[in-house]
Protein chains: 2
Amino acid sequence: MIIQVFIIFTIMMSKKCKYALKALTRLAKNFNKGHLQTADIAKLENIPKKFLEQILLELKHARMVGSKQGSGGGYFLIKNPKEISVADVYRLFDGAIALLPCVSINFYERCEDCTDEKSCAMQREFIKIREGARKMMSKVTIHSFIKESDNQ
Amino acid sequence: MIIQVFIIFTIMMSKKCKYALKALTRLAKNFNKGHLQTADIAKLENIPKKFLEQILLELKHARMVGSKQGSGGGYFLIKNPKEISVADVYRLFDGAIALLPCVSINFYERCEDCTDEKSCAMQREFIKIREGARKMMSKVTIHSFIKESDNQ
DNA sequence: TTTAAATCCTATTAATTTGATAGAGTACGT
DNA sequence: ACGTACTCTATCAAATTAATAGGATTTAAA
């Protein structure tokens, strides 16, 4: 008897990035209403608390959230939810939106195997693909994730 | 003296996928003109030969290329270059185009941490992002990578 | 019919990344 | 001073990537 197991690996957004978006959305629902604690966000969003700590810290360094230390402290959004796009968060945690480094705006790198970038047809075409993804990822913001039913 | 090294990791297309696109483009330039050998493609495109072997084999299993075995053998395209899109090749080597598994058409999977998919605002928005990327990746084909100067 | 050439196929490897945990250190309200 | 919650760095196991290795198989040609 032969058992075949197929494992399909897919390159997608990292969990870290997804958790960040969820945490930001939770903070956005509380925008201008005080702060939330890591432990509460972790519970509400099903995120490992210690992992979330790192994420919120990175978001703080990126100046998307602010924090209040000590007892009774917590995190709060310091940017308008409409001004934090998926592209911003994706770039912070997962890097380039472009599929090839030579096509990236923020993470540009030359391809080692490329002989003439100026006439590279792949580069020309992958710029189009990047723009397709970038436009959509810039349009969707944290605000987009807040449902009307959340009355905010 | 402190030396700081910054390593930026970016999720992009895998090298395998990129090599596949380059190999397919090379074969496309030779479409209906006989076959090319792995070793020649490897040399022309700066791809490790043994690695390229695997790639061409996968492309064969996916019925994009055909092969002729034995001495004097090689590979040839069996689909029209206009009918092989970047999306097709990307899905074959790197998996889903969507950024979240719950949003993927071909690699759908439920998010473990999701409580109600029907009302999930993230899912709704990430479908838009997927469509932005998918449309562009479907439009660009192997034919797009062939420059006019290659007179083909 | 032997030999060489090329594809076919599977296993293995080192390096890197991910997702997470651990354990201090620091700030602050009570 | 005490407890709470953020800050920061180190570490870990599992998974993935990008190759390499080594045969097995097929075919043309000597």
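Naming: A, B, ... by sequence-line order, numbering from 1 per chain.
Under 3.5 Å, the side chain of B:E53 and the base of D:dT20 form no donor-acceptor pair of N or O atoms. Residue A:Q54 places a side-chain atom within donor-acceptor reach of the base of C:dT21, judged by atom type and a 3.5 Å distance cut-off alone.
Neither OP1 nor OP2 of D:dA18 sits under 4.0 Å from any side-chain N or O of B:Y19. At C:dC28, none of the side-chain N or O atoms of A:Q69 fall inside 4.0 Å of OP1 or OP2 (strictly under the cut-off). An OP1 or OP2 oxygen of D:dC8 is reached within less than 4.0 angstrom by a side-chain nitrogen or oxygen of A:H61. Neither OP1 nor OP2 of C:dA20 sits under 4.0 Å from any side-chain N or O of A:K16. At the phosphate of C:dG29, OP1 or OP2 sits under 4.0 Å from a side-chain N or O atom of A:K68. Look at B:Y75 and you won't find any side-chain N or O under 4.0 angstrom from OP1 or OP2 of C:dA6. Residue B:T38 places at least one side-chain N or O under 4.0 Å from the OP1 or OP2 atom of C:dT7. Of the side-chain N and O atoms in A:K60, none sit less than 4.0 angstrom from OP1 or OP2 of D:dC6. At C:dA27, none of the side-chain N or O atoms of A:S71 fall inside 4.0 Å of OP1 or OP2 (strictly under the cut-off).
For the side chain to side chain contact (heavy atoms under 4.5 Å, CB included) test with B:L59, the passing option among B:I78, B:L27, B:V65 is B:V65; the others fail. Among B:Q123, B:E109, B:M122, the single residue meeting the side chain to side chain contact (heavy atoms under 4.5 Å, CB included) criterion with B:L100 is B:M122.
In the set D:dT7, C:dT7, D:dG23, the nucleotide with an atom closest to the side chain of B:K50 is D:dG23. Nearest nucleotide to the side chain of B:S14, out of D:dA18, C:dT7, C:dG23: D:dA18. Out of D:dA5, C:dT10, C:dT7, the shortest distance to the side chain of B:Q37 is found at C:dT7.
Side-chain N/O atoms of B:T141 and B:K82 include no donor and acceptor closer than 3.5 Å.
Environment of CZ in B:R63: sparse, with no more than 12 heavy atoms of neighbouring residues, nucleotides or ligands closer than 6.0 Å.
Between B:A23 and B:L52, the shortest heavy-atom distance links the atoms CB-CD1, 3.9 Å.
Between A:P48 and B:K49, it is B:K49 whose nearest contact on DNA chain C lies nearer the 5' terminus.
Counting to the nearest Å, the C1' atom of D:dT17 and the CD atom of B:E58 are 13 Å from each other.
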